[in-house]
There are 2 protein chains.
Amino acid sequence: MLNMNPNTSPLSQQLHEQLLQLITETSPGERLPSEPALAKDLGVSRATLREAMRTFETQGLIHRKQGVGTFVVHPTHVIESGLEKLESIESLAERIGLPVKMGDFQIDERTASEEECKALLLETCETVTVVSRVIEAEDRPVAYLFDILPQDVLSSDDLDFSFTGSVLDFLLRRGDPELRTSRTEIGAVAAAPEVARALGIQRGDVVLRFVATLFSGEGQVIDYSISYFLPGYFRFHVIRRVG
Amino acid sequence: MLNMNPNTSPLSQQLHEQLLQLITETSPGERLPSEPALAKDLGVSRATLREAMRTFETQGLIHRKQGVGTFVVHPTHVIESGLEKLESIESLAERIGLPVKMGDFQIDERTASEEECKALLLETCETVTVVSRVIEAEDRPVAYLFDILPQDVLSSDDLDFSFTGSVLDFLLRRGDPELRTSRTEIGAVAAAPEVARALGIQRGDVVLRFVATLFSGEGQVIDYSISYFLPGYFRFHVIRRVG
DNA sequence: TAGCGATCAATTGTCAGACAAGTTATTGAC
DNA sequence: GTCAATAACTTGTCTGACAATTGATCGCTA
């Protein structure tokens, strides 16, 4: 049988979605259909199905046992809503049902500071684009976000009507460069004067800070961002696995 | 060819270790040997090799591209030192070269509060074991940790000379029950009076708080823990993946 | 009838070989 | 020298089969 899938990215994409849906629809502890049955249903070979299953097993969503079957394990959907997945604040807020709007917004183009230069892995400290914005929920600021990018990745001219404020969403929609992973450092800090002013709190009040470095598929640094969150409005969690 | 592997857990174990070693030995960006060559080297079929490779691809360690090859991607070891891996503060501190010792230490057995009862998924609010301790570095407290466990999982009688303060390390050494994942919620909070006293800071000072629920393989809650960290001594990060 | 061991069916784990699809380097014609 | 066709190599998928493990069934015996 020929592979008549026209997608550039493989049919695995669709297969993964179908399988994920099946898993989330199945109650924890229940057994999935056998591999031959599933493969026939989904129209793929058992080898392909098994490779996809391995993905979910690695993520801890399912548990396979020889001679018995494949079972859905407990925490299921929890994983999907954690920090493992990189998404914009807007998309996160929408998912958790918190209506947000954008407050103060600003774009600058300036020479990178030494710290920014180092974080972006720039040989020469060239011009960078700095996007800063405030997120508001329930008519009060709840997050203060910075994005710092090399000008050749994003310049102020690139931004058009489709730009909603989220640099991440914009880059994902544009599709170039290809984004892959983000290394996010998590800390609690006292608000600096500028942060306190943006968030409408007292200088020295406690805020949650994310410092993130966004990598492309080739390992280039695409975006260096600093985010300040007011405690109480967002809940971040991460799934940790035993060695 | 017969599968003459005597291990109860499959030969995948060994295959995984061999592959992981190969990946960590290979510089980021470099190409791995082709699948047929690797399969022959490791003495497994290509199908089995590919399933194992899928594990590492899911973890973001490698990147496969049709027609080109399989490449080791950049962050490699970074992932291994992030929050994805669940480990004790002692083990973490040792890895980052921060010498620590245990300060105040206390074990209580009392009836669970409503919140603890709910977190531990207990039908009836039975007796729980509470282990609290302070971690010191450079002769000052830097972390204040609580572990709350059902008494049938851990009672004060279980603790012997091998107990170093870390409940996690103790449970891992004992091997029963089997630990699997921990859901850790991350937040920044102002120190409550008790926390401030334990950490030697002012009431209201900013601390990083982890609230973790530790699951067994069967989905039971083994441990509910609350940890307070003084900013500056620990650096936590997480790798986030795009879509 | 109750108990128990052998047998059988179902399921996942692995294997072998083949072809499809995509990429890159080589080759050859102009 | 340029550029298109070609070949070689690599990953993606398919097919069919057998091995290993587990749970249920069946039949025998006491």
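Since the model is a prediction, treat every value here as computed from it, not as a measurement. Chain A is the first sequence line, chain B the second, and so forth, proteins listed ahead of strands; every chain is numbered from 1.
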Round to the nearest Å and state the distance from A:His16 atom NE2 to D:dG12 atom P. 12 Å

Winner on side-chain proximity to A:Glu35, out of C:dC15, D:dT11, C:dT12, is C:dT12

Considering only side-chain heavy atoms of A:Arg46, which listed nucleotide, D:dC14, D:dT13, C:dT14, is closest? C:dT14

Ignoring hydrogens and angles, tell me if any N or O in the side chain of B:Ser88 forms a donor-acceptor pair with the backbone of B:Leu168 under 3.5 Å. no

Round to a whole Å and report the spacing from CE of B:Met53 to P of D:dG12. 9 Å

I want to check one thing: is the phosphate of D:dT11, taken as OP1 and OP2, less than 4.0 Å away from some side-chain N or O of B:Arg50? no

Protein-nucleotide distance (B:Gln66, atom CD; C:dC19, atom P), rounded to Å: 17 Å

Figure out the CZ/P separation between B:Arg54 and C:dG13, and round it to whole Å. 16 Å

When rounded to whole Å, the CD1 to P distance for the pair A:Ile62 and C:dT11 reads 16 Å

Under-4.0 Å side-chain N/O to phosphate OP1/OP2 contact, B:Arg64 with D:dG12: yes

Has B:Arg240 got a side-chain atom pairing as donor or acceptor with A:Leu83's backbone, closer than 3.5 angstrom? yes

Check whether B:Thr24 reaches the backbone of B:Leu20 with its side chain - one donor and one acceptor, N or O, closer than 3.5 Å. yes

Can you see if the side chain of A:Thr70 gets near the phosphate of C:dT11 - specifically, an N or O under 4.0 Å from OP1 or OP2? no

Examine distances only and state if a side-chain atom of A:Arg133 and a backbone atom of A:Gly165 form a donor-acceptor pair shorter than 3.5 Å. yes

In whole Å, what is the span from the NE2 atom of B:His63 to the P atom of D:dT11? 12 Å

Under 4.0 Å between a side-chain N or O of A:Thr48 and OP1 or OP2 of D:dC14? yes

Please state whether the phosphate of C:dT11, meaning OP1 or OP2, lies under 4.0 angstrom from any side-chain nitrogen or oxygen of A:Arg31. yes

Per nearest nucleotide of DNA chain D, the residue lying toward the 5' end, A:Gly67 or B:Glu57, is B:Glu57

Can you measure A:Leu49 atom CG to C:dG13 atom C1' for me and round it to whole angstrom units? 14 Å

When you measure from the side chain of B:Glu116 to the backbone of B:Ile148, do you find a donor-acceptor pair of N or O atoms at a distance under 3.5 Å? no

Taking CG from A:Leu32 and C1' from C:dA10, how many angstroms apart are they, rounded to a whole number? 16 Å

The nucleotide from C:dT11, D:dT10, D:dT15 with an atom nearest the side chain of A:Ser34 is C:dT11

